[in-house]
Amino acid sequence: MLEEALQEISRGSSEIIDNERVEKLVKRFLETGETYTVKAGFDPTAPDLHLGHTVLLQKLAAFQKFGGRIQFLIGDFTAQIGDPTGKSETRKQLTPEKIKENSVSYTEQVFKILDREKTEVVFNSEWINPLGAVGMLELTTQYNVARMLERDDFEKRYKGGVPISVSEFIYPLLQGYDSVFLKSDIEIGGTDQKFNLLMGRHLQRAYEVGKEQAVLMMPILEGLDGVQKMSKSLNNYIGVNDEANDMFGKILSISDDLMWRYYELLSSKSLTEIAEIKAGVDNSSLHPKKVKESLALEIVERFHSKELADGAKIEFEKVHAKSQIPTDIAEFELEGPIWIAKALQECKISPSTSQSRRDIKQGAVKIDQIKVEDEQLQLETGEYILQVGKRKFAKAKVK
RNA sequence: GGUGAGAUAGUCAAGUGGCCAACGACGGCAGACUGUAAAUCUGCUCCCUAUGGGUUCGAAGGUUCGACUCCUUCUCUCAUCACCA
């Protein structure tokens with residue numbers, strides 16, 4: 001049992017600091033039922049969760065199975081500073097109302113994965129605001145600039161002459177202070193958060209909390225392109241609120257290599273099971289597409305339902321394998337007669353008539369499954385299924 | 001505050017009076033091949049019913065038959081020197 005628990009907890013993680021402590025906590029839970037706290041911080045600036053976030057959430061869910069009580073921290077205060085990790089852009093200030101609004105939609109999505117009973121949602125402004133100037137000053141005495149500059153991205157920026165704002169130094173300190181206040185036993189985060197996570201340990205020692213949190217880091221999930229991290233701004237993400245059909249399609253569109261990555265980090269299949277599947281593909285007894293399908297089914301089912309997942313699969317086959325027309329397509333009413341290029345634009349499947357013309361020239365435009373050859377074509381009264389490329393459809397009712 | 005450099009399409013980046021709607025790269029879209037995978041190859045990539053017209057190259061003016069290219073002012077970025085708390 002202990003073995004199993006530890007395996008599930010460490011699965012997919014890129015690094016665990018103080019693994020012994022994790023083992024001890026889990027062991028104690030299994031023997032005595034005593035729980036421990038696992039902290040994870042989230043930024044309320046972007047309220048839409050995608051699968052990249054769920055890598056962490058699933059890890060939290062795994063902890064919940066083995067005695068972890070989750071401290072789901074919404075960094076409403078720290079969001080005002082902006083995490084210096086990665087790019088350094090000044091953040092927009094969020095109003096308290098907006099933050100509240102975001103965190104509501106956040107938690108709604110989160111509880112698709114986490115057990116509400118074993119989760120405590122906390123906001124760090126709650127203890128950072130009362131800190132005041134004195135507390136803040138005291139906090140800054142706990143670390144020095146030289147060590148701060150050891151951090152990779154700071155070092156690079158410093159050497160490269162890229163400015164570093166002093167407030168950015170404050171960020172890791174505050175995140176670490178969260179761990180002091182919450183007396184967290186374990187904190188989990190992405191590998192990119194290593195510095196900040198370790199700060200939690202450092203500060204817990206400095207403030208004599210009586211324990212130092214263990215740290216578990218998860219790799220950053222690659223987006224649909226397979227190269228860059230999944231993020232909304234790169235538009236390579238699969239949102240947990242995506243429609244079942246979209247979600248299914250997006251998962252099937254990832255490359256085979258990336259599929260294994262998703263299996264490891266997102267699937268709830270055991271590692272041995274996954275290894276077996278991979279062996280099957282390697283010796284050609286399993287078709288990679290089938291394997292990808294079952295991954296897609298699993299994930300769609302998690303965020304929607306079995307019915308919708310199956311439906312999405314059928315729909316997908318209908319549209320792509322048999323190149324039929326999807327069941328649900330947007331309808332538009334147009335004034336006829338209307339030029340085809342204009343109609344495509346009106347139906348929002350082409351950004352401009354210029355683009356429409358180019359697409360027609362390339363033979364990418366179909367009406368009722370028949371390729372359009374004449375770019376001057378006028379649509380008379382009637383109903384048409386318009387199509388651009390393989391995936392863009394619209395139904396046009398011309399009056 | 002001084003000095004110097006720069007601001008060009010989604011991004012990077014050429015162009016330094018007409019040949020520029022603007023080289024190239026990336027991204028994106030489409031076609032072929034497929035498993036709507038990847039890889040590869042090809043075409044397209046400001047808008048407008050178009051062998052034409054319109055609006056673009058940080059902003060506003062000016063010079064010119066004609067400016068992305070020259071001049072003036074402004075805004076912003078970056079580098080660098082100095083100074084002050």
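Predicted, not measured: the structure shown is a model, and the values here were computed from it. Numbers restart at 1 for each chain; the letters A, B, ... are given by sequence-line order, proteins then strands.
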Requested in this report: Using a 4.0 Å heavy-atom cut-off across all strands, classify A:Ser253 as base, sugar-phosphate, or nothing.
Outcome: sugar-phosphate
Report task. Tell me what A:Glu293 touches on the nucleic acid: a base, only sugar-phosphate, or nothing, going by heavy atoms under 4.0 Å. Result ->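 The answer is nothing, as A:Glu293 stays clear of every strand by at least 4.0 Å.
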Return the nearest nucleotide to the side chain of [X]; candidates are [options].
X: A:Phe316; options: B:U36, B:A37, B:A50; value: B:U36
X: A:Arg357; options: B:A50, B:C48, B:C29; value: B:A50
X: A:Gln376; options: B:C47, B:U49, B:C44; value: B:U49
X: A:Lys392; options: B:A37, B:C29, B:C48; value: B:C29
X: A:Thr353; options: B:C48, B:G31, B:G35; value: B:C48
X: A:Gln355; options: B:C29, B:G31, B:G43; value: B:C29
X: A:Gln362; options: B:G43, B:C47, B:A37; value: B:G43
X: A:Lys390; options: B:A50, B:C33, B:A30; value: B:C33

Query raised in the report: Roughly how many Å is it from CD1 in A:Ile325 to P in B:U36, rounded to a whole number?
Result: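 In whole Å, B:U36 P lies 17 Å from A:Ile325 CD1.
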Report summary line: Separation of B:G31 atom P from A:Lys371 atom NZ, nearest Å, is 9 Å
**Report entry** A:Glu375 or A:Arg391, whichever maps to the more 5' nucleotide of RNA chain B
**Finding:**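 Mapping each residue to its closest nucleotide by heavy atoms, the 5'-most match is A:Arg391.
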Query - Parallel, tilted or perpendicular, as decided by the 30° and 60° cut-offs, for the rings of A:Trp127 and A:Phe181 - result: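 The rings of A:Phe181 and A:Trp127 lie parallel, inter-plane angle below 30°.
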Requested in this report: Describe, in one word, how the ring planes of A:Tyr143 and A:Phe195 are oriented to each other, choosing from parallel (under 30°), tilted (30 to 60°) and perpendicular (over 60°).
Outcome: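 If you compare the ring of A:Tyr143 with that of A:Phe195, the planes turn out perpendicular.
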Keeping [X] on the side-chain end and [Y] on the backbone end, is there a donor-acceptor pair under 3.5 Å?
X: A:Asp225; Y: A:Gln228; answer: yes
X: A:Lys366; Y: A:Gly389; answer: no
X: A:Glu317; Y: A:Ile314; answer: no

Report task. Ignoring backbone atoms, test whether A:Gln345 places a side-chain nitrogen or oxygen under 4.0 Å from the OP1 or OP2 oxygen of B:C48. Result ->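 The answer is yes; a side-chain N or O of A:Gln345 sits under 4.0 Å from OP1 or OP2.
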Query raised in the report: When you measure from every atom of RNA chain B, which of residues 275-291 of chain A have a heavy atom less than 4.0 Å away?
Result: A:His287, A:Pro288, A:Lys289
Query - Polar pair under 3.5 Å, donor/acceptor by atom type, side chain A:Arg358, base B:A30 - result: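 Side chain to base: no pair present.
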Query - Pairwise P distance for B:A38 and B:C29, with rounding to whole Å - result: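 After rounding to an integer number of Å, I get 11 Å for this pair.
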Query raised in the report: If the C1' atom of B:G62 is compared with that of B:A85, how far apart are they to the nearest Å?
Result: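 Going atom to atom, C1' in each nucleotide, I get 44 Å.
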Report summary line: Across every strand shown, the nucleotide meeting Watson-Crick or G-U wobble geometry with B:G66 (both distances under 3.5 Å) is none
